[in-house]
Amino acid sequence: MAKPNHNQNQNQNQSQNQNQSPNQTQNQIKNQNQNRNLNSNVKNEDFILKETTPSLGGGRVPGNERYGTTFDLVEQMHYLYVKVVKAKSLPPKQDDDNNFPDPFVEIKLGNFIACTTTHLEKNPNPEWNQVFAFPKERIQSLTLEIIVKDKSITDDDNSIGGISFDINELPTRVPPDSPLAAQWYMLHNGNGELMVAVWMGTQADESFPDAWHLDTLSVNSENVTNIRSKVYLSPRLWYLRVHIIEAQELPIKNKDREIVVKGAVMNIVLRTKALPRPSWNEDLMFVVAEPFDEQLVLSVEEKNGLKEEVIGRCSISLHNVEKRIDNLVVIDSKWYNLEKNTETLSSKIHIRVCLDGGYHVLDELTQYSSDLRPSSRLLGSPSIGILELGILNAQGLTPIKSKNGRVAMDAYCVAKYGHKWIRTRTVIDSLNPKWNEQYTWEVFDPCTVITIVVFCNCMDTGPGSKDSRIGKIRIRLSTLETDRVYTHSYPLIVLEPTGVKKTGEIQLAVRCTCFSVLNMMQVYSQPLLPKMHYIHPLSILQQYSLRNQATHIVGMRLNRAEPPLRREVVEYMLDVSSNMWSLRKSKANYSRLISVLSGVISFYKWFDHIQKWKNPFLTGLVHFLFLVLVFYPHMIMSTMLFYLIMIGIWKYRSRSRYPPHMDVKLSYADKLNQDELEEEFDSFPTSKTQDVLRGRYDRLRSVGSRVQTVVGDLATQGERVQNLVTWRDPRATAVFLVFSFVSAIVLCFIPVRMVVITTGFFVLRHPKFRVGLPSVAMNFFRRLPARNDGLL
C-alpha cells in the first residue's frame, strides 16, 4: 500500500516536529495534560452536559437495512469517490518486449498527490479494485488526475499514461440510487486503458465502509483493517451446571484421606468440598459459549495434606449435554467411567450435567446491564422498539501518544448494547475527529443501558501497547422520551493517578422508538431477570465467579475477531474489576444514601418546626388536618396518594430534559487527595511499601470503626425491642406487660379515636407545656438491656 505525499508546508512542519526529542514530546503531553487538569478543577462548568443543534440528515453504515430507518441522526459528509478497478493492454518497457511494467495508480488533486494503489509486478492487465474517498472540504483543486505509473522505474519519468476529470462536472450519487458503473478510459497517450468510476457522494454510499480514506493512507496495509468501522456480535453464553452426586469403587489407598472432584472447562477450574466419603451433592457452575466446542473434564483426586493425587478422569463433550429452559425439566443423572493414563478403571462417578438456558448470563454489572434476556432462544420475546445512535464528532481531545516526535490522537468509538458491539473507524491524527456514523439496535427492555467509550488507537506505538481510554458515557433508555431526538455534547472524563481530568467532548444523537406503548408498559410489570434467577437463584459467590468467566470468554472471542476488538477495550466496556475497594466510591455511595434519606430528615425538621409552634397558623392547620384524618380514617391513604400526585405534578416543570452523564461531583472525583488516588489505582495484590500500607490501614481502621459503631447502634436498638418480652430485665419486662395489660383494658372501653386524638394533641402541645427532657417512653426504652454487654 502506497502512502500519500504531502505538500511542502506539511513536510516542513513534520521535519520541525521530528527534530523534537522524545523527552520534549513527553513533556509537551504532560504539560498539556496538567494544564487541562488545572482548568478542569477550576471550571466546573466544563463537566456539564451541553445541548447542541447539529445539522442532521444523511449517512448510513452497513447492517442497518433490516430496520428500514431513515438514517437521519448524523451530519451529511460529502466525499469524492474514486474507484480504480483494473487496466489492460499496458505496453512493455521500451528495452524489452517481454519485460512488462510494475503498474500502480497515482491519484492527484491538483499538485497534491493524494494517494496511490498497490503495485503489481510484471502485469500488463492489473486488477486493483480499490475505492478511495476524499473529504470535499479538503479538496483544494478543480482537477482530478488518475495516472498509471511503473514502480520499477525510479526516476520521475515513470508515467505510463493517465486521465483527468473536472471535479465540478462529476456526477452526484445519492443512495438508494444504483451504484455507478465503472467505465473504460483510454490513457492520454494511447498506452492502454484504465477502468475507473468517479463520483461525488456522501457517507451513505455503500462504498464508504470499504474505502481508503485520506486520513488512513499513512497506515500500514497490514493494520488498515484495524482502523475501519466494524460490527461485532457477542457469543451466546450459557450456564453449564454440573451436579456432582457421588463416586464408587474408588481405589483409595488411605481411608483417612479426603476426596475432591475438580471440573475444568478450558482454563476455568472449579472444585467441590473435600470429604472423607465420595458423596458430595454439590453444583459446579461454568459459563460456556456456543457452538460448544469445549470439553468438560472431571477428575477425582485424593487429597493428602497439600498434595492431591489423581484417581481418575472423565471427559464429556458439551455437544452431547442436554439443554433445559426451566426447573420443570428433569435431567437424568448418569454414571461415567473414570480413566487414568488412557486405562479404563472400574471406578465410576455419578453426575447430572445440563446447559441451563433459563438464566441470563451476566457479563455486565446488573446496574449497567444492556440485555436481560435468557440464553435460550425459545424463551425470547419480541422487540418493543428501536434504539438509534448517531456518533457525530469529538472536540478538544487530549493527545495521548507521540507520533514522529509530536503529540497525536487516533480516536475511535466503541458502543455496546445487548449482543451487538460496534466500533467506528479510527480518525488518524486529529484532536477534533468527525465520524458521523449511525447504528441501530433492537430494544427488548427499556430499563437497560447503552455504553459508549472513546479510545485512542495505539496499534502503531509498538508491541504490547494498549489502546488508551479517553472517556465513557452511559445512557439509560428509560430516561429517554419516546421518538425524541437527543443531541448533546457529553464531557469525556477519566480518573487518572494525577486526578480527574476532562479529555474532551463527544457529540451524540440518540433516539429511542417504541413500537407499542402497551407492550412497553407491560415490560415494567415483568421481573427484571428471567424467572430461573428467582426460582433457583445463584449465590453471590456464584454470580461473582460466573461474571468473571463470562467477561473472560467475551473478551477472548472478540479479541479473535477480524479485526480484533482488543481485550482492554472489552474489559473497560464491561467494567471488569469495578468492584475493587475505593474510598472515593465509598464516600460517593454514602453521599447517595444521605441524599435518599434527606426526605426523612426534612420531614423530621418540618415536624419539629410544627411541634415548637414557630408558625402558629401552620401548626393550627396541621391540627385541623389531623382531626379530619382521625374522624375520617378512610381518607388517610387517599390523602397520601393525592399528596404524591401533587409532588409529581409540581416537579414536572423541573424534570430533567437531557440524558444522564458522568457526574464528577456525584462521583466525588473532585474531592480526592493524592493518597486516595494512589490507593484506587494500586494493583492487586498491592505493590506499595510497608509505610504506605500502614497509613492506609490506619485510615481504613478509622473508617471501619465508624461503620462498626453505626452497625452496633442499630443492632442495639433492635435487641432492645426484642428484650421487651424476653425477661432479660425482669423489672422492665414486668412494667411493659403491666402497661400493655392496662392499655388493652382501656382500649376496650375508650374509643380508639379518642386515644389517637389525645396522643396527637399531646405530641403537638405548645412549647410552654414542655419540659425539654426526653419522654418517659424514650427513657424507658433506652434503659432496656442489649447483647452488647457480652461483647469482648
Side-chain angles (χ1 to χ4, degrees), residues 593-594 596-648 708-792:
L593 180 61
I594 294 300
V596 170
L597 297 177
S598 62
V600 179
I601 297 174
S602 299
F603 176 80
Y604 174 77
K605 293 180 178 179
W606 174 82
F607 190 74
D608 183 68
H609 186 81
I610 296 299
Q611 276 187 311
K612 294 180 180 179
W613 290 69
K614 293 184 177 181
N615 188 338
F617 174 78
L618 183 60
T619 304
L621 187 63
V622 170
H623 280 78
F624 174 76
L625 179 62
F626 172 69
L627 291 175
V628 171
L629 295 179
V630 170
F631 284 98
Y632 302 97
H634 60 277
M635 295 183 60
I636 294 178
M637 290 302 300
S638 299
T639 303
M640 294 178 60
L641 293 176
F642 276 116
Y643 178 71
L644 293 177
I645 292 172
M646 293 301 297
I647 292 177
Q708 85 174 11
T709 300
V710 173
V711 173
D713 290 341
L714 293 176
T716 297
Q717 307 308 321
E719 289 170 352
R720 284 173 176 169
V721 175
Q722 292 178 341
N723 288 334
L724 284 172
V725 293
T726 57
W727 296 93
R728 189 74 180 101
D729 184 341
R731 287 166 294 276
T733 302
V735 170
F736 176 74
L737 295 180
V738 170
F739 174 78
S740 300
F741 178 77
V742 174
S743 300
I745 298 297
V746 170
L747 291 175
C748 290
F749 298 98
I750 300 178
V752 177
R753 184 176 297 167
M754 298 303 300
V755 176
V756 173
I757 292 176
T758 303
T759 305
F761 276 85
F762 178 78
V763 171
L764 296 174
R765 67 191 185 277
H766 198 274
K768 67 173 60 175
F769 300 110
R770 302 177 186 273
V771 295
L773 297 176
S775 63
V776 175
M778 183 61 66
N779 294 332
F780 177 80
F781 181 77
R782 289 177 177 175
R783 292 179 179 275
L784 290 172
R787 301 184 64 184
N788 54 1
D789 299 335
L791 294 177
L792 291 176

If you draw a 6.0 Å radius around CZ in R783, do more than 12 non-hydrogen atoms from other residues or ligands fall strictly inside? no
Looking only at side-chain N and O atoms, does T716 offer a donor or acceptor that is under 3.5 Å from a partner on D713? no
Kindly determine whether L618 and W606 satisfy side chain to side chain contact (heavy atoms under 4.5 Å, CB included), including the steps that lead there. CA-CA 11 Å; L618 183 60; W606 174 82; 3.9 Å; yes
Distance-only donor-acceptor pairs under 3.5 Å for side chains of residues 753-764, two or more places apart:
unit_1	atom_1	unit_2	atom_2	d
R753	NE	V630	O	3.4
T758	OG1	M754	O	2.8
T759	OG1	V755	O	2.8

Side-chain heavy atoms of N723 within contact of F736, under 4.5 Å: no
Give every residue pair that meets the salt bridge (Lys or Arg N to Asp or Glu O under 4.0 Å) criterion with at least one member in residues 604-624, sequence neighbours excluded. D608-K612
Side chains of L644 and M640: closer than 4.5 Å at any heavy-atom pair? no
Which pair of heavy atoms, one from W613 and one from H623, lies closest together, and at what distance? CZ2-CE1, 3.7 Å
Rounded to the nearest 0.5 Å, what separates atom CG in N615 from atom CD1 in I610? 7.0 Å
What closest approach, in Å, do L784 and A732 show between heavy atoms, and which atom pair accounts for it? CD2-CB, 3.6 Å
For P785, does its backbone N or O pair with a side-chain atom of D729 as donor and acceptor, under 3.5 Å? no
On a heavy-atom basis, the closest approach of W727 and P730 is CZ3-O, 3.6 Å
